[in-house]
Amino acid sequence: MAQVRVRFAPSPTGFFHIGSARTALFNWLYARHTGGKFILRVEDTDQARNSEEFLQLIYNSLTWLGMDWDEGPNPNGVGERGDFGPYRQSQRADIYQHYLQKLLASGRAYEKDGAVWFKLLGERYQTFDEHRKKEVEKVKSAPVVIDDQIRGRVERMEDEDFVIFRSDGNPVFHFVNVVDDITMQITHIIRGEDHLSNTSKHVRLYEGFGVVPPVFAHIPLILKSPEMGQGKMSKRDKGALIEEYQQRHFLPEALVNYLALLGWNAGDNREKMLIADIIQLFDLPGVNQSNAKFDGKKLAHMNMQYLLEQPAEHFLAQARGYFQSLATGAAALADETYFREIMLLAQPKIKGLEELAAYTVYFWSDDFPIDAKVKEKVMAKGDPRARLAELIAALPTLDFTADAAIEAGIKSLAESKGLGFGDYQAVARLAVTGTNAGPSITSIFRVLGRARIQSRLEKLAAPGA
RNA sequence: GGCCUUAUCGUCUAGCGGCUAGGACAGCGGAUUCUCAAUUCGUUAACCGGGGUUCGAUUCCCCGUAAGGCUACCA
């Protein structure tokens, strides 16, 4: 069998969204699985809605997600690579003209009302279309049979001539799509199910050119989650844009892993898997036939799993990038050793990088928010003021060199009063961090150091505080 | 309206004629812990309805129903 050639053909008319990313992913996975070529083709024939900015966004998103393409425009937008170019439809006008002439010459296309129509073969008859409320010409012919790799055998009637070149001289989607796939020698078309109904037109076009159609595989669509409403996920839905996950510092491996699981599975109970394993196991017949609803919670969980097991150096690099992207991030990055210490405390506790700033505020400044509800609760239980006073008194002799030493010190203080470590923990945490959540209080003491701990404890102990 | 596709826990899914219908996320409860997470143990929860075929249907067929898509001189 000849080498597999698949393509992802987005049109740069808007932000890059989840559905497009998954279509790209399935194509990419199939190419990598089979050792074939993954081609990026830009469908930029809609001059009115196209923009270079959106095009660059597509390059960036694909690259961020780790999907490299073998042929197509270069990721920096300058030039392109591959032997079947140009890869931007806006530069292929002469090719479309050439193929149009073929059809005209063979009598499979004709002009009407200034547009060019594709001519179906078969007996013609007039009929009244109830829905459109007008007389139309139909063609009697055998139904188109599509042998879809995912859907199985699908039959669909194609019984009306259709426009392939608009009266403004521009070719329509169906035409350019087929011509490009022929000239780029695409062997497998993997695309969303929303194109299944279009496929009968495409097959007729292939036949019109005397070319055997490629293999089709229509993948299920991604639908809105129940909270978002009904229907296909659109760019306007929350969580629909790849850009959003990039800005929120999700790990691309986690997103790719989640996306792969939407409509496909490894055949066993594995979910979190290496991309190399996904490539090895992925195949078209294994793809589901039913649409899937997007679940942001499961994606978040996947992201957390990846985050937890990141090697420290990787996590630190990610965290650095995250703080660099924040307007207020400079304070955190000022002291590398201090930063590192804190990040390692945070890594096992957070669910996503985006939580990092809020999770660690009290390390960067003495001016951190205090959770009023937590304060009310903590100050109402036991005798927190007495505990605070005792802690402050014990501070000068407390050994700050290690977590264990701090813990031992507070424990012995507690024992001397007939209390437990827990009786000091909550109020100390409130004074030092303003919350009831966070890393071990002993680690916080050690990292923040005696002086800052003392001033924060005293601040809360002050009358009226 | 016509045509096409789909239908297992709330969600993602396993199942490819005979299973106590399995896993994951979310939920709930316990354990662990200095808090919060994480972790761990347990638990709630599903075969859309009706006809067939068959000794036997979640599984195959048909009809409903529901969901999604396409119905443009958009892509």
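With sequence neighbours excluded, the residues satisfying salt bridge (Lys or Arg N to Asp or Glu O under 4.0 Å) with A/Arg340 are A/Glu313. A/Glu53 pairs by the side-chain contact (heavy atoms from CB on, under 4.5 Å) definition with A/Ser51, not counting sequence neighbours. For A/Tyr96, the ring pair (Phe, Tyr, Trp, His ring centres under 6.0 Å) criterion is met by no residue, not counting sequence neighbours. A search for side-chain contact (heavy atoms from CB on, under 4.5 Å) contacts involving A/Glu123 returns A/Lys140, not counting sequence neighbours. For A/Ala319, the side-chain contact (heavy atoms from CB on, under 4.5 Å) test picks out A/Phe315, A/Phe339, A/Met343, A/Leu356, with sequence neighbours left out.
Nucleic acid contact for A/Leu261: sugar-phosphate only, since backbone atoms but no base atoms lie under 4.0 Å from a heavy atom of the residue.
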Enumerate all atom pairs, one protein N or O and one N or O from nucleotides 60-64 of chain B, separated by less than 3.5 Å.
none

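The salt bridge (Lys or Arg N to Asp or Glu O under 4.0 Å) analysis of residues 421-450 of chain A, with sequence neighbours excluded, yields the pairs A/Glu341-A/Arg446, A/Asp403-A/Arg446. Residue pairs that meet the side chain to side chain donor-acceptor pair (under 3.5 Å) test with at least one member in residues 109-121 of chain A, sequence neighbours left out, are A/Tyr110-A/Asp161.
For the P atoms, the distance linking B/rC61 with B/rG22 amounts to 25 Å, nearest Å. A gap of 27 Å separates the C1' atoms of B/rG18 and B/rU6, to the nearest Å. Nucleotides B/rG49 and B/rA57 have their C1' atoms positioned 16 Å apart, rounded to a whole Å. Taking atom P in both B/rC48 and B/rU43, one finds a spacing of 25 Å when rounded to whole Å. Taking atom C1' in both B/rG15 and B/rU20, the straight-line distance is 15 Å, to the nearest Å. Comparing B/rU44 with B/rU53, their C1' atoms are spaced 37 Å from each other, to the whole Å. On the P atoms, B/rA66 is 24 Å away from B/rA72, given to the nearest whole Å. Nucleotides B/rC47 and B/rU58 are separated by 11 Å at their P atoms, to the nearest Å.
A heavy atom closer than 4.0 Å to some atom of RNA chain B occurs in A/Phe421, these being the qualifying members of residues 400-424 of chain A.
The base-pairing partner of B/rC28, taking Watson-Crick or G-U wobble contacts with both distances under 3.5 Å, is B/rG42. Under the Watson-Crick or G-U wobble criterion, with both distances below 3.5 Å, B/rA66 is paired with B/rU6.
Look at CG on A/Asn288: it is 17 Å from P on B/rU5, rounded to the nearest Å.
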- Note on the structure: Each nucleotide of nucleotides 69-75 of chain B classed B (base within 4.0 Å of a protein heavy atom), S (only sugar-phosphate) or -, in 5' to 3' order, makes BS-SBBB
- How would nucleotides 24-32 of chain B be written as a contact map, 5' to 3', with B for base contact, S for sugar-phosphate-only contact and - for no contact, using protein heavy atoms under 4.0 Å? BSS------
Name each donor-acceptor pair under 3.5 Å that joins a side chain in residues 11-18 of chain A to protein atoms two or more places apart or in another chain, with its distance.
residue : atom : partner : partner atom : Å
A/His17 : ND1  : A/Gly19 : N            : 3.4
A/His17 : NE2  : A/Ser20 : OG           : 3.4

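For the side chain to side chain donor-acceptor pair (under 3.5 Å) with A/Lys272, the lone residue among A/Glu253, A/Gln305, A/His301, A/Glu309 that qualifies is A/Glu309.
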